[in-house]
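So the structure is just underneath, and the comments pick up after that.
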Number of protein chains: 2
Amino acid sequence: MSTFTLAEDRMKCGNCPIRHRAVCARCETDELAVLERIKYYRDFAPGQAIVWAGDEMDFVASVVDGVATLSHTMEDGRRQMVGLLLPSDFLGRPGRAAAPYDVVATSPVTLCCFRREPFEDLLASTPPINRRLLEMTLDELDAAREWMLILGRKTAREKIASLLAIVARRDASLRLTKLDGPLVFALPLTREAMADYLGLTLETVSRQISALKRDGLIRIQGSRQITVPDFQRLMAEAGDDNDGGLIS
Amino acid sequence: MSTFTLAEDRMKCGNCPIRHRAVCARCETDELAVLERIKYYRDFAPGQAIVWAGDEMDFVASVVDGVATLSHTMEDGRRQMVGLLLPSDFLGRPGRAAAPYDVVATSPVTLCCFRREPFEDLLASTPPINRRLLEMTLDELDAAREWMLILGRKTAREKIASLLAIVARRDASLRLTKLDGPLVFALPLTREAMADYLGLTLETVSRQISALKRDGLIRIQGSRQITVPDFQRLMAEAGDDNDGGLIS
DNA sequence: GGCGCTCCTTGATCGACATCAAATACAAGG
DNA sequence: CCTTGTATTTGATGTCGATCAAGGAGCGCC
């Protein structure tokens, strides 16, 4: 089960700008110190559910560390991932109690949680948080729409290339690397999770990854460690005209 | 070309709550009267582009009347619709100049536009607008995620049923009809637009609509006028467990 | 009426991806 | 070392929707 940590320790949120931009943004305004009084930490093991669709959610949170997924499940078991939460992403919706989809940790996850009601009060009285949240939500909406193009119109190969490009880009931005040298990163997802992300089966994912490897677009160490020798070439394979491509 | 109307006339926005909830929400606060001073109307003919991807957008707007679509286009012509704008929906993103996708009118459209910069100033100084926008954006995000499930995991038949259910529901809510009697509504989309919405070809759309007709789930007058005798049965066909299903 | 146009329908064929099935890799634990 | 279990790869076959192609319906216009 998950660990609760009532947090006086500001430690984990100390390195704010990248790791925890959502709410520890007292970089931006002082009122946010109030958040400190209603926050607590929770840890989740890989594979563990954070909330199930339909559950009541009495908190909102930001991801401090780890990777979690949002996904819809149909009665017959078909599943579609609709969001990928990486460190600094926000979880939950102010003003709504019931979770609309499953949230599952895919790696050890640490959340910084805020009880929903006090958070909403704060939201009402503190415009900067509101602005922040609006901005983040708009980014997520853009990402979702990019994703819709991937789901609706791209081939299996392009889908895989797109996903790898998205993760590579995001990883590079987290560690402040340039995109011109060879990129090495760990896929935070199983083949099955990738399939759920892309609207494919896990066999197709595996085959297409093998194909990209065969064609020299990527190299692989141990099925999760990816090396991209030439990011531009991968992007071309993804069929992207512009260099958009966010996630979350 | 489009018509500009510098608007002292508050007429069109008068019937606010449903038709124009985005910005004429002086129902909510008085400051919004300021909006009156920076707004103007624009009309577009069916098929006309409102903005192209990459264009500079010096305004944000809310849809007063008509239907417009947002869509991504790949260089080779593949197209994916990523948003459907109906009356009361909002267009544009404060804080961003370049449009990320094409916006096209599919029926005669009237926009209520606000010059972007003064609108952004207003946004900064007027929390209620911010809250409103956040809420609307969150709704859109939910809709986008519902849509992702449709694109990634549903069969052609389920996709069509889902789309019809979404439009039927939205239409019913606009005219305050219940969902239990037979529903009659006009599809605001060509078969091609439906295909772009659902990640299908127009031939498949046509075939599946014929199949739903054959199976008695819908009736059709003249290819655009749809009758749904039993909404629940259609929903079942769409594979939806819950009764979520928004758009925009 | 007849022409041109766009939108829609229907048929025949093909191919990308799903499905079914089996084998391999690798880690944890006895 | 062997066992067990999960994640992954690979192969054989099937199917849904795409593609290619033709024809019909509605409508404005000469």
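Convention: sequence-line order gives letters A, B, ...; per-chain numbering from 1. Here the structure is a predicted model, which is why all the values come from computation and not from measurement.
- Looking at residues two or more places apart in sequence or on another chain, you find a side chain to side chain donor-acceptor pair (under 3.5 Å) between B:T155 and B:E158.
- Note on B:S206: a base of the nucleic acid sits closer than 4.0 angstrom, heavy atoms only.
- Remark: C1' of C:dT10 and CZ of B:R214 are 12 Å apart, rounded to the nearest angstrom.
- Rounded to a whole Å, the CG atom of B:L198 is 18 Å from the P atom of D:dC16.
- Look at CD on B:E192: it is 15 Å from C1' on C:dC5, rounded to the nearest Å.
- Direction change of the helix axis from one end of the helix from C:dG1-D:dC30 to C:dG30-D:dC1 to the other is 20°, with five pairs defining each end axis (rounded to 10°).
- Rounded to whole Å, atom P of D:dT15 lies 17 Å from atom CD of B:Q208.
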What are the atom names and distances for every N/O pair under 3.5 Å that joins the protein to nucleotides 19-22 of chain C?
residue : atom : partner : partner atom : Å
C:dT19  : O4   : A:R207  : NH2          : 2.9
C:dC20  : N4   : A:E203  : OE2          : 3.1

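- For A:D230, the side chain to side chain contact (heavy atoms under 4.5 Å, CB included) test picks out A:Q232, A:R233, with sequence neighbours left out.
- The side chain of A:A156 approaches C:dC17 more closely than any other nucleotide in the set C:dC17, C:dC8, D:dT9.
- The side chain to side chain donor-acceptor pair (under 3.5 Å) search around B:T69 returns none, not counting sequence neighbours.
- For the pair A:R42 and A:F59, the cation sits on the ring face: its NZ or CZ lies under 6.0 Å from the ring centre, inside 45° of the axis.
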#### Entry: side chain to side chain donor-acceptor pair (under 3.5 Å) assessment of B:S62 paired with B:D89
CA-CA 6 Å; B:S62 83; B:D89 284 330; over 6 Å; no
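- Rounding to whole angstrom units, CG of residue A:L202 and P of D:dT6 are separated by 14 Å.
- Mapped onto DNA chain D by nearest heavy atom, A:R153 and A:R224 fall at different nucleotides, with A:R224 at the one closer to the 5' end.
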Are there any protein N/O atoms within less than 3.5 Å of an N/O atom in nucleotides 22-24 of chain D, and if so, which ones and at what distance?
none

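- The side chain to side chain contact (heavy atoms under 4.5 Å, CB included) check on B:E56 picks up B:A97, with sequence neighbours excluded.
- Salt bridge present: A:D139 and B:R93 bring a charged side-chain N and a carboxylate O closer than 4.0 Å.
- Of the candidates C:dC17, C:dT9, D:dT9, C:dC17 carries the atom nearest the A:T155 side chain, counting heavy atoms from C-beta on.
- A side-chain donor-acceptor contact under 3.5 Å links A:D102 and A:T73.
- Across C:dC17, D:dT8, C:dT10, the shortest atom-to-atom separation from the side chain of A:R191 is found for D:dT8.
- A search for salt bridge (charged side-chain N to carboxylate O under 4.0 Å, His left out) contacts involving A:D215 returns A:R157, not counting sequence neighbours.
- With sequence neighbours excluded, the residues satisfying side chain to side chain contact (heavy atoms under 4.5 Å, CB included) with A:R207 are A:E203.
- Pairs of residues two or more places apart, or lying in two chains, never qualify as side-chain hydrogen bond (donor to acceptor under 3.5 Å, both in side chains) while including a residue from residues 176-191 of chain B.
- If you take CD1 of B:I209 and C1' of C:dC8, they are 10 Å apart, rounded to a whole angstrom.
- Scanning both residues, A:R79 and A:S71, for their nearest heavy atoms gives CD-OG, 4.0 Å.
- With respect to the salt-bridge test (charged N to carboxylate O, under 4.0 angstrom), the residues B:K154 and B:D240 qualify.
- For the salt bridge (charged side-chain N to carboxylate O under 4.0 Å, His left out) test, residues two or more places apart in sequence or in another chain that qualify with A:R175 are A:D171.
- Going from atom CG of B:D76 over to atom P of D:dT19 covers 10 Å, rounded to whole Å.
- Annotation: A:Y197 is in aromatic contact with A:W147 [ring centroid separation under 6.0 Å].
- With rounding to whole Å, A:I220 atom CD1 is found 13 Å from C:dC26 atom P.
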Pull out every protein N or O sitting under 3.5 Å from an N or O of nucleotides 26-29 of chain D, one pair per line with the distance.
none

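- In this structure, A:G199 reaches the sugar-phosphate backbone alone: every heavy-atom distance under 4.0 Å involves primed, P, OP1 or OP2 atoms, never a base.
- Side-chain nitrogen and oxygen atoms of A:S210 include at least one within less than 4.0 Å of the OP1 or OP2 phosphate oxygen of D:dT10.
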